[in-house]
Amino acid sequence: DQQVKQNSPSLSVQEGRISILNCDYTNSMFDYFLWYKKYPAEGPTFLISISSIKDKNEDGRFTVFLNKSAKHLSLHIVPSQPGDSAVYFCAAKNFGNEKLTFGTGTRLTIIP
Amino acid sequence: DTAVSQTPKYLVTQMGNDKSIKCEQNLGHDTMYWYKQDSKKFLKIMFSYNNKELIINETVPNRFSPKSPDKAHLNLHINSLELGDSAVYFCASSLDVWTSGGSEQFFGPGTRLTVL
């Protein structure tokens, strides 16, 4: 039973445009959400997070939006750069709990 | 300076063998984790230790035994390796979630295990 889903396995975006990566979750107990970026042959690296008390969190070119009623979050990257080409994982947890549940990832390719 | 390191990076071995993967973090974190990324790229938690104490043990076969000699190290020992154990294993660490509830996890580079 996959509690965190990323339904788009891949996404291609033109350099300079906006990249939007989506994530859905089923467990209503999740209250803290994270995005990780992963390059080949490396471990995931933390990108940005959001608590369920917020609906938006911004960090430079990266913004995460949370829609609790729809159990949906999205990561926006503006403007997209070639170095953003990677696999992006959405993850969810209960705040104060160690267990992180990951989605299956979306491979983002930025086209120069 | 590597924050979370794992050795070896690649491990190729025969079915039935016993092998270990080592993990070390120099971030001063209290909590460490082992994850398995299978062939479908699904990243799933296996174990978590906080200050050398086991706190998460997902449904993992008994052949997998984590060992934490101190809070900076979490090693994974696998007995009687099977074909299905082939995967990439990631170690991670984080601050104690009781003092930093949403603490993000920092991952090592992964160990690709291939069982022949």
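Proteins get letters first, then strands, A, B, ... in listed order; numbering begins at 1 in each. Hydrogens, waters and symmetry mates are skipped; everything else that's a heavy atom, side chains included, is used.
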Query raised in the report: Quick one: what part of I56(B) sits under 4.5 Å from any heavy atom of chain A, side chain, backbone, both or neither?
Result: side chain
Query raised in the report: Can F46(A) be reached from L75(A) by stepping across I, L, V, M, F, W or Y side chains whose heavy atoms are under 4.5 Å apart?
Result: no
Requested in this report: Answer yes or no: does atom CZ of R63(B) have more than 12 heavy-atom neighbours from other residues, nucleotides or ligands under 6.0 Å?
Outcome: yes
Query - Single-linkage hydrophobic cluster L11(B)~W34(B), side-chain heavy atoms < 4.5 angstrom - result: yes
Query raised in the report: Crowded around K68(A) NZ? As in, over 12 foreign heavy atoms under 6.0 Å?
Result: yes
Requested in this report: List the steps, then state whether side-chain contact (heavy atoms from CB on, under 4.5 Å) holds for K38(A) with Q37(B).
Outcome: CA-CA 12 Å; K38(A) 186 184 179 304; Q37(B) 186 179 35; 4.0 Å; yes
**Report entry** Non-hydrogen side-chain atoms of K41(B) and F102(A) separated by less than 4.5 Å
**Finding:** no
**Report entry** Backbone of A41(A) reached by a side-chain donor or acceptor of K9(B) within 3.5 Å
**Finding:** yes
Requested in this report: Report whether L81(B) and M46(B) are members of the same hydrophobic cluster (ILVMFWY, side-chain heavy atoms less than 4.5 Å apart, transitive linking).
Outcome: yes
Query raised in the report: Measuring from K44(B):NZ to K99(A):NZ, what's the distance to the nearest 0.5 Å?
Result: 7.0 Å
Query - Within one Ile-Leu-Val-Met-Phe-Trp-Tyr cluster: Y33(B) and I78(B), side-chain cutoff 4.5 Å - result: no
Query raised in the report: Is there a donor-acceptor contact under 3.5 Å from the side chain of Y36(A) to the main chain of Q105(B)?
Result: yes
Requested in this report: Give, as side chain, backbone, both or neither, the part of T45(A) having an atom under 4.5 angstrom from any heavy atom of chain B.
Outcome: neither
Report task. Determine whether E42(A) and F90(B) make a side-chain contact, defined as any pair of heavy atoms from C-beta on separated by less than 4.5 Å. Result -> no
